[in-house]
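Worksheet: the structure to be examined is printed underneath.
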Amino acid sequence: MPAGAEPGEEPRDGDEAAEEPALPARSGEAGGGEGEDGREQAGRVVRQPDPQLRVPAVHDGERPPHGAEDHRRAEGDGRGDRPVHRGVSQAAGRLEGGIGVTEDAREDLNFVMKARREKLDALVAQGVAPFAYGFDRTHLAADAVALLGDAPDAEGPEVRVAGRLVAWRAHGKTTFAHLGDPSGRIQLYFRKDGIGEAQWAMLEAFDLGDIVGVRGPLFRTRTGEVTVRVEAVEMLAKALRPLPFGKEEVVDGKVVRHSAFSDGEMRSRQRYADLAVHPEVRALFRARSMMTRAIRTFMDARDFLEVETPVLQPLYGGALAKPFVTHHNALDMPLYLRIADELYLKRLIVGGFDRVYEIGHDFRNEGIDRTHNPEFTMLEFYQAYADYTDMMELVEALLIAAATAVREAIAGSDVAADVPARDPAVLAGPFPRVEWLPALSTALGVADVTAMTDAELRRAAERAGVHGIGSLSRPKLMDELFQFHVESKIERPTFVVDYPKELSPLAKPKRGNPALTERFELFARGRELANAFSELNDPIDQRARFEAQARLKAAGDEEATSVDEDYLRAMEYGMPPTGGVGIGLDRLFMYLTDTPHIRDAILFPTMRPE
RNA sequence: GACCCGGUAGCUCAGCUGGUAGAGCAACGGACUUUUAAUCCGUAGGUCGCGGGUUCGAGACCCGCCCGGGUCACCA
């Protein structure tokens, strides 16, 4: 019964991500070429400066829609009559309405945002639609940069690139900027006499964070940077809210960010902003996706069938944890969000799917901390006619595949260079295997830990700094000692096998030694990455264990489960011997990328409401 | 749950043993046609997390609360 590892820790910044499908070609020439088809026509319509059409929705409760009324207010404080200004706002600002942001803070931010609304108005007044319908880009930034190759000083081919303005340096009648897209960034060069008066006027309404498209030939600047000599520019989406960009400089080849968006909580809450300004965060989450893809490929290649089992369950089981409870109105009954996939996956084994796996979310109604998110991603897989030794080989190969995928995904990115996924040792099998009892005996310097008296065990526990020794049972004492002396010191991926029966009530007894069970856990850097068993397939034994759980539940144990009669019925039809594994993917990813906080390994972690 | 640290301008932070708040960056205005943390000049921007208390006077001290981070415990 793989209760599997749970989710893990946190990432820091990674570096940019990669490809992204090209936008559907749509608009005509940058800066307002003529469209050629009906859809283009449609786009044009919105280009008409119609104040009614473009009035954005009210921002938050207290913010009035921009428009005439807003302007009056602006004039009231002496700012409304200012001309539209040039230059792009460099950095940023925290986003309005963040946790802890007080009323007055919003007032201030509105002051900043007001300038952007004015620029929006200015664009419309110029006949420019601030929110476009498409852009037929020809190159991603990185591809465009590569396009020029080593060409010395000649002008390169014309390109059309699109993305977010991530840096802006205005110098009077010339401006340098950087455009960021999923592939990286590319420098843009605007000259007043190069793009003409009309477009130059448009630039004055541009801000950092705006999404724009440009057209122009590539060239190399005096300093050698591949740059687009912009001949036409199009506003594709005006950013009405400042993104918290920090300023960046390159020192010894590394990007150093100043005044960065560093509030971890805010970054999690507004992941979109975190991702928008931190390419390395995009790279990290892209790596996570690549890890998941690699795992699917791995399982599929071995004839495992990916299945989906119920998230809403009338009974929860497969692990020991407090569930989330909800209610189905039509059935008028409680339903639980699953705490594990196990019992349904094994029903499928009974049904004849000999190899199944599921990657899905489990939910546990417990605290939130560095390594726990209420919902987390679990991989479980079951293989009929296999035992735990077979599963060990599978887990080893799977981990190597996952590490390889992550390593390849972060290659060349700013994700820390010393993460385990980059460590060849992680990719080298076979992983060491240590037997539970002998390992503990060795660590304690005794011949056989089971021969120690209770008093000796307690003394050893005291030396290990174990708390509440008096109330611990003998097996539990040994478990504490094991965690202290063995688990916590495991650095590279290592299998711990053959757990004492008392510590693994859900696994089959070990052949030849009923005091042990056929179970293994995979540890690395002192953390559990996988948990697996030779699965229990004796329905009579299973019923006894369910009943024991039910008694605990009746006695008030919130983590205990009930007797799952349907599951027993399935098992009574006959379940083949089966090996099962559970791996918490959040935690696996945390391990591979050395991410200390689970919040940073999950795109949208569970947060307290703002 | 216990303990420790923190919450000051949009961002990152400073504010010494109490004397009603500062810097850099951002914003806004001005200058600048090859810059890259662009530079230079100027302007504006803060109920110092919230509520009490001590004091002539509190961002600083005391009490309570909220939020965040960490350590431990719990859990796995």
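Chain A is the first sequence line, chain B the second, and so forth, proteins listed ahead of strands; every chain is numbered from 1.
Interface remark: the A:E225 side chain does not form any donor-acceptor pair with the B:U34 base, using a distance-only criterion of under 3.5 Å. A donor N or O paired with an acceptor N or O is found under 3.5 Å between the base of B:U35 and the side-chain atoms of A:R169. At a cut-off of 3.5 angstrom, the base of B:A76 holds at least one donor-acceptor pair with the side chain of A:Q483. Put simply, the side chain of A:S262 and the base of B:U12 share no donor and acceptor less than 3.5 Å apart.
Note that CD of A:E155 is 8.5 Å distant from CG of A:L218, once rounded to the nearest 0.5 Å.
For the pair A:M607 CE and B:G68 P, the interatomic distance rounds to 8 Å; values are reported in whole Å. Taking atom CG on A:L203 and atom C1' on B:U33, their separation rounds to 13 Å, with Å as the unit. Regarding A:I598, its CD1 atom lies at a distance of 12 Å from the C1' atom of B:A76, rounded to whole Å. Distance CD (A:Q270) to C1' (B:G68): 16 Å, rounded to an integer number of Å. Rounded to an integer number of Å, the gap from CZ of A:R267 to P of B:U12 is 10 Å. Between A:F363 atom CZ and B:C75 atom C1' the separation is 19 Å, expressed in whole Å. In this structure, CD of A:E528 is placed 15 Å from P of B:C75, rounded to the nearest angstrom. Atom CZ of A:F261 is separated from atom C1' of B:C11 by 10 Å (rounded to the nearest Å).
Residues that satisfy the ring pair (Phe, Tyr, Trp, His ring centres under 6.0 Å) test with A:F431, not counting sequence neighbours, are A:F495. Applying the ring pair (Phe, Tyr, Trp, His ring centres under 6.0 Å) test to A:F523 and every residue at least two apart in sequence or in another chain returns nothing.
Comparing B:C61 with B:A14, their P atoms sit 15 Å apart, to the nearest whole Å. The separation of B:C48 from B:C13, taken at their C1' atoms, amounts to 13 Å, rounded to a whole angstrom. The separation of B:C56 from B:U20, taken at their C1' atoms, amounts to 13 Å, rounded to a whole angstrom. Spacing between B:G24 and B:C66 at atom P, rounded to whole Å, works out to 38 Å. Rounded to the nearest Å, the gap between the P atom of B:C74 and that of B:G52 is 40 Å. For the P atoms, the distance from B:U12 to B:A26 is 15 Å, rounded to whole Å. Between the C1' atoms of B:G69 and B:G49, the separation comes to 15 Å (whole Å). The P atoms of B:A60 and B:U17 are separated by 14 Å, rounded to the nearest whole Å.
Nearest nucleotide to the side chain of A:T174, out of B:U34, B:A76, B:G69: B:U34. Among the nucleotides B:A76, B:U34, B:U35, the one closest to the side chain of A:R364 is B:A76. Closest contact between the side chain of A:A115 and the listed nucleotides B:C28, B:A76, B:A37 involves B:C28. Distances from the side chain of A:L320 to the nucleotides B:G69, B:A76, B:U34 place B:A76 closest. Listed nucleotides: B:U35, B:A37, B:C75. Nearest to the side chain of A:E366: B:C75. Checking B:U33, B:U34, B:G69 against every side-chain atom of A:F176, the shortest atom distance belongs to B:U34. The side chain of A:H171 lies closest to B:C32 when the candidates are B:A76, B:G68, B:C32. Closest to the side chain of A:D207, out of B:C28, B:U12, B:A38, is B:C28. For A:F219, whose side chain is taken as the heavy atoms from C-beta onward, the closest listed nucleotide among B:U33, B:A76, B:U34 is B:U34.
Judged by distance alone, with hydrogens and angles left aside, the side-chain atoms of A:Q199 form a donor-acceptor pair with the main-chain N or O of A:V233 at under 3.5 Å.
Nucleotide B:U17 forms a pair with no other nucleotide shown, judged by Watson-Crick or G-U wobble geometry with both contacts under 3.5 Å. Judged by Watson-Crick or G-U wobble contacts below 3.5 Å, the nucleotide B:C72 has B:G1 as its partner. Using N1 to N3 plus N6-O4 or O6-N4 for Watson-Crick, or N1-O2 and O6-N3 for G-U wobble, each under 3.5 Å, B:C32 pairs with nothing. Pairing partner, B:G6: B:C67, with both Watson-Crick or wobble hydrogen-bond distances short of 3.5 Å.
Between A:R222 and B:U35 there is a side-chain N or O to OP1 or OP2 distance below 4.0 Å. For the pair A:K192 and B:C32, the criterion of a side-chain N or O lying under 4.0 Å from OP1 or OP2 is not met. For A:K247, no side-chain nitrogen or oxygen approaches OP1 or OP2 of B:G24 to under 4.0 Å. Listed pair A:R220 / B:U34 fails the phosphate criterion, with no side-chain N or O lying under 4.0 Å from OP1 or OP2.
Within the 4.5 Å cutoff, side-chain heavy atoms of A:E487 are placed close to those of A:F482. A:V434 is listed as a side-chain neighbour of A:V496, based on a closest heavy-atom distance under 4.5 Å. A:T371 places none of its side-chain heavy atoms less than 4.5 Å from the side chain of A:F376. Within the 4.5 Å cutoff, side-chain heavy atoms of A:K238 are placed close to those of A:D207.
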So which protein N/O to nucleotides 70-74 of chain B N/O distances come out below 3.5 Å?
{"unit_1": "B:U71", "atom_1": "OP2", "unit_2": "A:R370", "atom_2": "NH1", "d": "2.7"}
{"unit_1": "B:U71", "atom_1": "OP2", "unit_2": "A:R370", "atom_2": "NH2", "d": "3.3"}
{"unit_1": "B:A73", "atom_1": "OP1", "unit_2": "A:H467", "atom_2": "NE2", "d": "3.2"}

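At a threshold of 4.0 Å, the pair A:R519-A:E521 counts as salt-bridged, since one of the basic side-chain nitrogens sits closer than that to a carboxylate oxygen.
Seen from the ring of A:F484, A:K489 counts as a face-on cation partner, given the 6.0 Å and 45° thresholds.
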